[in-house]
Amino acid sequence: MPELFLSPRVRSTPFSPGVRAAAPKALTVYNHMRLACVFESPEADCAHLKKHVQVWDVAAQRQVEVTGPDACRLVQWMTPRDIVRVSVGACAYVPVCDDSGGMLNDPVAMRLDVNHWWLSLADSDVLLYAKGLAIGAGMDVSVREPDVSPLAVQGPKAEDLVARVFGDAIRDIRFFRFAICRFNGEDHIVARSGWSKQGGFEIYVEGRHNGMPVFNALMEAGGDLNVRVGCPNGIERLESGLLSYGCDITREHTPYQAGLGAYCHPETVECIGREALLREAAVGPSRQVRCLDIGGAPVPQLTDFWPVTGDGGGIGRISSAAWSPEFRTNVAIGMIDRSHWKGGTEVEIHAPDGVRTARIREAFHR
Ligand code: THG
C-alpha cells in the first residue's frame, strides 16, 4: 500500500504525540484530520478492547458549535429528529439531511445549554452547511469549530480508569448523558458514549494545551488496568452494528434507509428535507441497511463497495466487512433492497476474490 502523505492540511490532533509514540500501523483521514485505524492488528486490537481499556484519539470527531438566539432553529433545520425533546445535559444521535432527505452526516448532538449545541461530526463538512444555512437565512447565530477534541476511553475497565482521573462522579453519568468534570483546574465535558459497544466515555478535551496532559494522565493511571492506546475498531463496530458515514450511509441514502427512522419526526418538525421524508415515510423505504454474515474464509479488505445479488439480479451492496474471530464468521453491513432484506435470506456477495454466500441477520443491532 502507498504511504499516506502527511502535511498540515491533514491536521494533527492535540494527542498526536501520544498516538505517534504508540506506532499505529495505519491512519486514515477524517474531517481533514488524522485518525489511527490499527495498532497491533485489527483482531488483536479488538480482543484487547473487549477485555481491558483503550484510549482513542478521536479528535477527528470535530465539533460544530451553534450558539445564539436562533441556535435551536438552525439545529432543527438540519435534522428531522425533534430536538425539543433533547434536554440540556443529553446527547442525541441525529441524522443531518439535505433537501432530498439524503444523509449529510450522522453526528452525536449535545445540548450544552438551551441555546448552545455541539454536533460531534462524522466525516463530512457540516461546518460549511451550517454556515451556509445561517448566512443564507440571516439567522442570529454563531457557527464555529471550537478548540475541542474528543478522547474516547472504551472497554470494560473504562469506568474505573476515567474515575481515577476525573473523580468518582463520572460513575453516575448515564448512557448518552454528559457532565462537566475538572482536570488540572479546567472544565471538560465527559459523556458516556463512544463508537463501540464495550462501554466507555468520551472526554471533550477543551484546548489544545490540555491534550497531552489528559492523554498522559489516563495512560499513567491505567498501568495496572492494561490500558493501551487504541482506535475505533473495524471488527468490533461491525459486530455491534455501528454505522460508518461515507461507507454504510451516504448522501444517496435517507435516515429511513439508514435504519434511523426512530430518530425522524418529519410530521412535527421544521427541517430541511421534510417533504421528501414524509413521502418516504408514507410508503416505507425501498432499501435499508442490514447486518450480514458472509461465509467462507476471512474476507479481503473492502476498499470499494461489493455488489450483492439475489435471484439473479442486483439487490444491493456491501459497504463494510471483516472477519470476526469471536463470531467465527465474516461480519458485514450492506444496503439491501426490500425484496431481499428479511432476516435469514441468502444472497450472493461479489467480493474481489470470488462469489460468496451471505445471510441477512435477523436484527440490525445485536
Ligand atoms: N462519538 C462522538 N462523535 C461521533 C461518533 C461517536 N461522531 C462520528 C460518529 N461517531 C457518528 N456516528 C455515530 C454512530 C453511532 C453512535 C454514535 C455516533 C452510537 N449509536 C448507538 C447505537 O447505535 O446503539 C446509540 C444510539 C442512540 O441510542 O441514540 O453510539 O461515537 N462523540
Side-chain angles (χ1 to χ4, degrees), residues 13 15 28-33 35 37 49 54-65 78-83 85-87 90-97 103-112 117-127 145-146 148-155 158 162 173-179 188-206 230-234 236-250 253 255 258-265 288-291 319-320 333 363-366:
T13 89
F15 319 111
T28 189
V29 181
Y30 194 97
N31 286 321
H32 314 279
M33 193 170 255
L35 175 63
C37 312
L49 170 64
Q54 297 182 351
V55 174
W56 299 356
D57 172 1
V58 285
Q61 295 171 175
R62 299 315 292 163
Q63 309 303 301
V64 167
E65 181 178 72
M78 291 197 288
T79 180
R81 185 158 184 181
D82 186 352
I83 63 146
R85 303 186 205 173
V86 181
S87 47
C91 312
Y93 187 28
V94 300
V96 170
C97 295
M103 298 261 311
L104 296 180
N105 205 287
D106 66 336
V108 175
M110 286 183 295
R111 192 169 197 172
L112 281 77
W117 293 84
W118 282 355
L119 299 179
S120 184
L121 301 183
D123 185 22
S124 76
D125 293 312
V126 171
L127 182 71
E145 185 186 284
V148 169
S149 296
L151 187 64
V153 184
Q154 301 285 298
V162 175
I173 301 171
R174 286 178 287 138
F175 183 64
F176 259 49
R177 307 277 311 181
F178 65 81
H188 307 273
I189 282 177
V190 178
R192 196 184 285 266
S193 58
W195 210 58
S196 87
K197 288 280 181 201
Q198 304 311 309
F201 296 81
E202 289 179 300
I203 301 152
Y204 290 78
V205 177
E206 285 275 356
C231 56
N233 183 269
E236 194 279 341
R237 75 97 176 173
L238 284 172
E239 292 173 348
S240 302
L242 292 169
L243 299 173
S244 175
Y245 182 78
C247 291
D248 309 321
I249 46 177
T250 72
H253 305 112
L260 304 179
Y263 306 136
C264 288
H265 314 101
Q288 202 170 54
V289 130
R290 281 292 180 274
C291 287
S319 47
S320 306
I333 289 179
F364 183 70
H365 292 289
R366 295 158 199 268

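Values reported hereafter were calculated over all heavy atoms of this structure, with side chains retained and with hydrogens, waters and symmetry mates removed. Order of listing sets the numbers, starting from 1, for every ligand and every atom in it.
Considering both main-chain and side-chain atoms, R81 never comes within under 3.5 Å of ligand 1 through any nitrogen or oxygen pair.
With a 4.0 Å heavy-atom cut-off, ligand 1 is reached by no atom of F178. Counting heavy atoms under 4.0 Å from ligand 1, residue L242 touches it through the side chain alone. Under 4.0 angstrom from ligand 1, there are no non-hydrogen atoms of Y245.
Of all heavy-atom pairs spanning A258 and L243, the tightest one is O-CD1, 3.4 Å. In terms of heavy atoms, Y245 sits closest to S124 at CE2-CB, 3.9 Å. Nearest heavy-atom pair across Q61 and N31 is CA-ND2, 4.5 Å. For the pair L49 and Q54, the tightest heavy-atom approach, listed with the atom from each and the gap, is N-NE2, 3.3 Å.
The shortest separation from a heavy atom of K197 to ligand 1 is under 4.0 Å, placing the residue in contact. No heavy atom of S193 sits closer than 4.0 Å to any atom of ligand 1.
Which parts of ligand 1 touch L121 is read off a 4.0 Å heavy-atom cut-off, strictly below it: atoms 7 (N), 8 (C). Set against the non-hydrogen atoms of A122, the atoms of ligand 1 under 4.0 Å away are 7 (N), 8 (C). Residue contact check: E202 has heavy atoms under 4.0 Å from atoms 1 (N), 2 (C), 6 (C), 31 (O), 32 (N) of ligand 1.
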(request) Take D248 and H253 through the side-chain hydrogen bond (donor to acceptor under 3.5 Å, both in side chains) test and state the conclusion after the steps. (result) CA-CA 9 Å; D248 309 321; H253 305 112; over 6 Å; no
(message) The test is side chain to side chain contact (heavy atoms under 4.5 Å, CB included); show your working for Q154 and N233 and say whether it passes.
(response) CA-CA 11 Å; Q154 301 285 298; N233 183 269; over 6 Å; no
(message) Under the criterion side chain to side chain contact (heavy atoms under 4.5 Å, CB included), I'd like the reasoning laid out for L151 against F15: C-alpha separation, chi angles, the key distance, then a yes or no.
(response) CA-CA 8 Å; L151 187 64; F15 319 111; 3.8 Å; yes
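Between L260, D106, I249, it is D106 that holds the heavy atom closest to atom 11 (C) of ligand 1. Counting heavy atoms only, Y30 comes closest to atom 9 (C) of ligand 1 of the residues Y93, Y30, F176.
Within the 4.5 Å cutoff, the side chain of F178 has no heavy atoms near those of the S193 side chain.
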